[in-house]
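Right, one structure below, let's go through it.
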There are 2 protein chains.
Amino acid sequence: MECYCQLEGVVDLLSRKYAMQVVCAVGLLGPVRYGELEDAFGEVSSSTLSARLEDLTDAGLLVRERYDEIPPRVEYELTDEGEALREHLDPLLRWAESRDLE
Amino acid sequence: MECYCQLEGVVDLLSRKYAMQVVCAVGLLGPVRYGELEDAFGEVSSSTLSARLEDLTDAGLLVRERYDEIPPRVEYELTDEGEALREHLDPLLRWAESRDLE
DNA sequence: GTTCGTTACTTCGGACTCGACAGTACAAGT
DNA sequence: ACTTGTACTGTCGAGTCCGAAGTAACGAAC
């Protein structure tokens, strides 16, 4: 019970590709458009990125704001819960980054 | 560059099933045997668990100690790097746990 | 001396997830 | 007409994960 083995839910969500990076990226880039995220990631597949955005939105960690314009405009932002998650995630990714650079 | 989008390596590793839980579990259970982990997880598939243990060992986050006994005995433990990771991971899983319980 | 128990895994077929790339909708600009 | 810009969706082959069953090794029990 004290070993986190039984964890599901959010952790499963974060265990999908790019999930952790998306949370931190949306947090740092503020209200951000789909294309900006795609550019930031560089080599992500659009289908996977949009699946991840949908997952995180459904989980209540992101809000998706769609403007009725042509060409379309959509902006993603963290909810309060998403921001809470990002604060826990940030030290982890920061550590991972410094480790990978060695 | 500041948005963690390009992160690979450890993050990809942690983005696989049970990876984060295994790190925290091994940290809390001390030197721990394969079967103990399997019991703690309860409903894990043995193939996936052993794949994850191998990944983490190859990445230098776990050490695997095999004793020449019958029946076999194998113990897993965190390396210093694994412990550093666990310290960053722990607040995250703690948050996830409290969120999932709501 | 043959079966039983223990442990830490593999192996297997099928299901799920991912990546790359092509395609969609719509209007304004040329 | 035709191209441009945006945010996706569809498809399909490849990679990953799943649970169930099997494997190897040897000592102990019968």
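Order of the sequence lines fixes the chain letters, A, B, ..., with proteins taken first and strands second; residue numbering starts at 1 for each chain. Computed from a prediction, not measured in an experiment: that's the story for all the values here. The basis for the numbers below is simple: all heavy atoms, side chains too, and nothing from hydrogens, waters or symmetry mates.
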*For A/Thr79 and A/Gly60, indicate whether the former's side chain and the latter's backbone hold a donor-acceptor pair under 3.5 Å.*
yes

*From CA spacing to verdict: salt bridge (charged side-chain N to carboxylate O under 4.0 Å, His left out), B/Arg52, B/Glu54*: CA-CA 5 Å; B/Arg52 216 54 56 224; B/Glu54 194 181 341; over 6 Å; no

_d(CG, A/Leu49; C1', C/dT17) in whole Å_ = 15 Å

*asked:* Does the protein touch nucleotides 5-17 of chain D at the base, only the backbone, or not at all? Give it as B, S and - per nucleotide, heavy atoms under 4.0 Å.
replied: BBSSBB------S

*How long is the line joining CD of B/Glu69 and P of D/dG27, in whole Å?*
13 Å

*Hey, are B/Arg94 and B/Glu97 close enough for a salt bridge, meaning a charged N less than 4.0 Å from a carboxylate O?*
no

_Using the rule that Ile, Leu, Val, Met, Phe, Trp and Tyr join whenever any side-chain heavy atoms are under 4.5 Å apart, tell me whether B/Val22 and B/Leu29 fall into a single cluster._
yes

*Any salt bridge between B/Arg86 and B/Glu83, counting N to O under 4.0 Å?*
yes

*Establish, yes or no, whether a centroid distance under 6.0 Å links the rings of A/Tyr34 and A/Tyr76.*
no

*Which whole-number value in Å describes the distance from B/Leu37 CG to C/dT7 P?*
14 Å

*Check the distance between C/dT7's C1' and B/Glu65's CD and give it to me in whole angstrom.*
17 Å

